[in-house]
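A, B, ... follow the sequence lines: proteins, then strands. Residue 1 opens every chain.
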Amino acid sequence: MSTENASMTDLTTQPATLASELFAPGVGAQAGPPTTPASDTGTAGDVQPGAHSHGGPTPTGSPAERFTSTDPDAFGVPTGREETWRFTPMKRIKPLLDGADSDARLSWTTDLPEGVELTRAEAGDPLLKGLPEPVDRLAALTRQRADGADVVRVAKEAQLDRPVNLGLAGTGGDDAVVWGQLVVEVGAFAKATVVLDHTGLARYSGGVSVLVGDGAQVTLVSVQDWAPGAVHGGQYDAVVGRDATFKQVVVTLGGDLVRLVSNVQYAGPGGSAELFGVYFSDETQHQEHRLWVDHAVPNCSSNVLYKGALQGEGARTVWIGDVRIRPSATGTETYELNRNLVLTDGARADSVPNLEIETGEIVGAGHASATGRFDDEQLFYLCSRGIDAETARRLVVRGFFADVVQHIGVDALQDRLMASIDTRLGALPALDEQPVEVA
Amino acid sequence: MSVLEIRDLHVSVGEGDDAKEILRGVDLTVRSGETHAIMGPNGSGKSTLAYSIAGHPKYTITGGTVTLDGEDVLEMSVDERARAGLFLAMQYPVEVPGVSVSNFLRTAATAIKGEAPKLRTWVKDVKTEMSGLEMDPAFAERNVNEGFSGGEKKRHEILQMRLLKPKIAILDETDSGLDVDALRIVSEGVNRSREEGDIGVLLITHYTRILRYIKPDFVHVFVNGKVVEEGGSELADKLENEGYASYVKTAEVAQA
C-alpha cells in the first residue's frame with residue numbers, strides 16, 4: 001500500500017483493511033446520548049483545544065478558541081505553519097493573500113424567479129455589519145476589498161417555483177484578483193434554492209453569507225466547475241433561524257486551487273443544517289474544504305457528508321470537519337462523515353474530523369472518516385455479474401459521487417455534474433444513460 | 001446443454017508460509033437440467049469451492065481443472081466467467097452505494113448479452129421477476145444491497161439469476177438467515193429456472209431445510225476440502241437424521 005495517507009484519524013491508518021465495515025454507519029462514531037461525555041471528548045470547563053482530534057499536533061485553530069475579525073491585519077500574514085493554513089500550498093494562494101485591490105468582476109448570468117430580488121448593499125450597510133465575521137485573513141481581506149455586497153433577497157413566505165441561478169464566470173486573461181461578497185437573505189417560512197455556478201478562469205475570493213429566516217427552507221448549491229488554472233477562496237456562512245432548514249451542497253471539480261471554509265451557526269432552537277460535498281481532484285489540483293458547525297442553541301441538528309475522489313500525480317484534497325457542541329446546546333444531534341477514494345498512486349487525501357462535546361445532554365454525536373483504495377469486494381461483486389473491471393470501477397466511482405450529488409435536487413444540474421464526472425472517468429461503454437423505470 | 005467439470009481441484013488461501021490448503025482434490029460434474037446439493041459442516045470448504053469457481057482473487061488454485069463446456073474457466077477473468085454462463089449467488093452480497101438496482105441489473109444484462117436489452121421488454125421482464133419474488137417495485141430504485149435485510153439480499157441475488165439466465169448457477173448458502181416465507185419465495189425462484197430452461201444448479205448448504213423446497217438430483221457430502229460421499233436425495237434425509245458427525249470423525253482419522 002503505497003498511498004500517502006496523512007489522515008489523522010486512527011480509522012484511516014489501515015488502508016489494507018479498508019472494507020465496507022469501515023464505512024458502516026456508526027463506525028468511528030461515539031454512540032449517543034452519553035449521560036456523561038466520553039472520556040476523550042473533554043468536558044465543559046476543562047476542554048482542551050483539539051481534545052478530540054485523534055492525535056497529531058494540537059491544532060491551535062480548534063473551534064474552542066476560534067478567532068474572528070473584520071480586520072485583515074488582526075490575523076497577521078500567514079506563513080503556512082498556522083493550523084488554518086498548514087495544508088494550503090501558500091505559493092499558489094499567494095495572489096489572493098497579497099490582497100491587491102481591484103475592480104475586476106466575474107461575469108454574471110442570472111435567473112431570478114418571482115419573489116427574488118437582486119440588489120447591491122454599500123460598504124456601510126447595517127446588513128453587512130451583522131454578518132458572521134471572517135475567520136481568516138483571506139476572508140477579512142475579501143470582506144474589505146469587496147466593498148459592499150451583492151444581495152439576493154427572497155421575500156418571506158415566498159415559495160420559489162425554480163432555483164435562483166447565479167452563473168459566475170471568470171473571464172480569464174487578467175491576473176487581477178476578483179473580490180466578491182454575496183448575501184443571500186431568505187425571509188421567514190420561504191422556500192428557496194440558490195445555485196452559484198462558478199466557471200471560467202479567474203483568481204477569485206468570494207464570501208457568501210446565507211441568512212435563513214425562521215422556519216425557512218434553503219438550499220445553497222455551490223459548483224466549482226472552474227477552468228484549469230483558476231484559484232478560488234471563500235468563506236461561506238450560514239445563520240440558521242429558528243426551526244429553519246439549511247442545506248448546502250458543494251461540488252468542486254475544476255480549478256487549480258479551491259479552498260472553501262463553510263461555517264454554520266444557529267440563531268434559534270430547532271434548526272437543521274445539512275452540509276454535503278463532493279470533490280474530484282485530478283493531477284496537481286488542490287481542493288480544500290473546511291467546515292465548522294457551531295452548536296450553541298438547543299435542539300438543533302447537523303449532518304455532514306463529504307465525499308472525494310483523487311486521481312493522478314499530485315492530486316490533493318483536504319477535509320477538515322469541526323463540530324462544537326457548547327454547554328448550552330442541549331438536545332443536539334450531529335453526525336459527520338468524510339470518505340475519500342484514492343484511485344491512483346501519487347494522490348494524497350487529508351481528513352481531519354474534530355468533535356468537541358461540552359454537554360452530555362445531547363441526542364447523539366458522531367463522526368467517521370475513511371480514506372482508501374477501491375473496494376475489491378465491490379469490484380468482485382460487479383465483475384461476477386459479467387461487468388468488466390473498468391466499467392465496474394467507473395460504476396462504483398460514479399455511484400460514490402451520485403450518492404451526494406442527488407441531494408442537490410435540481411435535475412438538470414445533477415445531470416450536468418454527473419456528465420462532467422463521467423467525462424473525467426471516461427465514458428461508460430455500452431451504457432447509455434437511459435434511466436430504467438420499474439414501476 | 002452445458003456441463004461444468006471440476007477435476008482434482010486444489011485451492012489454498014494465503015501466501016508463502018501462511019498458505020493453507022482448503023480444497024484437497026474436488027471432483028464434481030454439473031450438467032444442465034441437474035440440481036446438485038453440496039452439504040457439509042462449517043469450515044469444510046464449501047464456500048471456497050463456490051468462490052474459486054467464480055474467480056475470487058483471494059483464492060489460489062494450486063492444482064486441477066475447471067471447465068465449462070470444455071473451456072478452461074480458470075484462465076478466464078471474473079467477468080469472463082460470468083459472460084461464459086456461470087453465476088454465483090453470494091452468501092454475503094456487498095453494498096454498492098450510489099448504484100441503483102435498476103442501473104446495476106441493466107448494466108449486468110448488457111454485459112452478459114453483449115448489447116443493451118430493449119428497454120420495453122427489459123422493464124417488463126424486471127417487473128415480472130420482481131413480482132415473482134414478491135419484491136416491491138420501489139426496490140429497483142434503491143442502491144445495490146444498501147440497507148437490505150438478509151431476505152432482501154437473497155431475493156436480489158435470485159432476481160439477478162432469473163434475469164441473467166446463466167448456464168450454471170452456484171447458490172452459496174442462499175438459505176442461510178432466511179425465514180420460512182423468504183425461503184419459500186427464493187426456492188420457488190430457483191425452481192422456476194429449473195422448470196423453464198436447462199440450467200444446472202449447484203446448491204451449497206449447511207442445512208437440509210432448503211431441500212424440502214428444492215429437490216436435488218444429487219447430494220454430495222463435503223468434508224475437509226473434498227467430496228466424501230455422493231448419492232441421491234435420500235442422502236439428505238440421512239444427514240437430516242444423523243448430521244455430519246460420522247463423516248467428520250472419519251476425516252479426522254484419515255488425517256491422523
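Taking every heavy atom of both residues into account, Ala82(B) and Cys383(A) meet most closely at CB-O, 4.0 Å. Taking both residues in full, the closest heavy atoms of Gly98(B) and Ala402(A) are given as O-CB, 4.1 Å, listed atom of the first, atom of the second, then distance. Of all non-hydrogen atoms in Val96(B) and Val396(A), the two that sit nearest each other are CG1-CG2, 3.9 Å.
A distance of 5.5 Å separates CZ in Phe104(B) from CD1 in Ile387(A), rounded to the nearest 0.5 Å. Rounding to the nearest 0.5 Å places CZ of Arg83(B) at 6.5 Å from CG of Asp388(A). Atom-to-atom distance recorded for Asp79(B):CG and Thr391(A):OG1 is 8.5 Å, nearest 0.5 angstrom. The distance from atom CD of Glu95(B) to atom CG of Asp375(A), rounded to the nearest 0.5 Å, is 10.5 Å.
Proximity to chain B is limited to the backbone of Phe400(A), based on heavy atoms less than 4.5 angstrom apart. If you measure heavy-atom distances from Pro166(B) to chain A, you find no contacts under 4.5 Å at all. Contacts between Asp136(B) and chain A at a heavy-atom distance below 4.5 Å are absent for every atom of the residue.
Within the 4.5 Å cutoff, side-chain heavy atoms of Glu377(A) are placed close to those of His56(B). Side-chain contact between Ser384(A) and Leu88(B) is absent, with no heavy atoms from C-beta onward closer than 4.5 Å. Annotation: side chain of Val94(B) is not in contact with side chain of Phe380(A) (no heavy-atom distance under 4.5 Å).
Side-chain N or O atoms of Gln160(B) include none that pairs as donor or acceptor with a backbone N or O of Arg385(A) at under 3.5 Å.
The neighbour count for Glu196(B) CD, taken as heavy atoms of other residues, nucleotides or ligands under 6.0 Å away, is above 12. When the shell of 6.0 Å around NZ of Lys124(B) is examined, it contains 12 or fewer heavy atoms from other residues, nucleotides or ligands. Taking a 6.0 Å sphere around CD of Glu71(B), one finds it holds 12 or fewer heavy atoms contributed by other residues, nucleotides or ligands. Within a 6.0 Å radius of OH in Tyr92(B), no more than 12 heavy atoms belonging to other residues, nucleotides or ligands are found.
Chain A forms more heavy-atom pairs under 4.5 Å with one residue of Leu86(B), Asn145(B), Asn143(B), Val101(B) than with any other, namely Asn145(B).
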Q) Step by step, would you call Tyr381(A) with Val144(B) a side-chain contact (heavy atoms from CB on, under 4.5 Å)? A) CA-CA 11 Å; Tyr381(A) 187 73; Val144(B) 171; 3.9 Å; yes
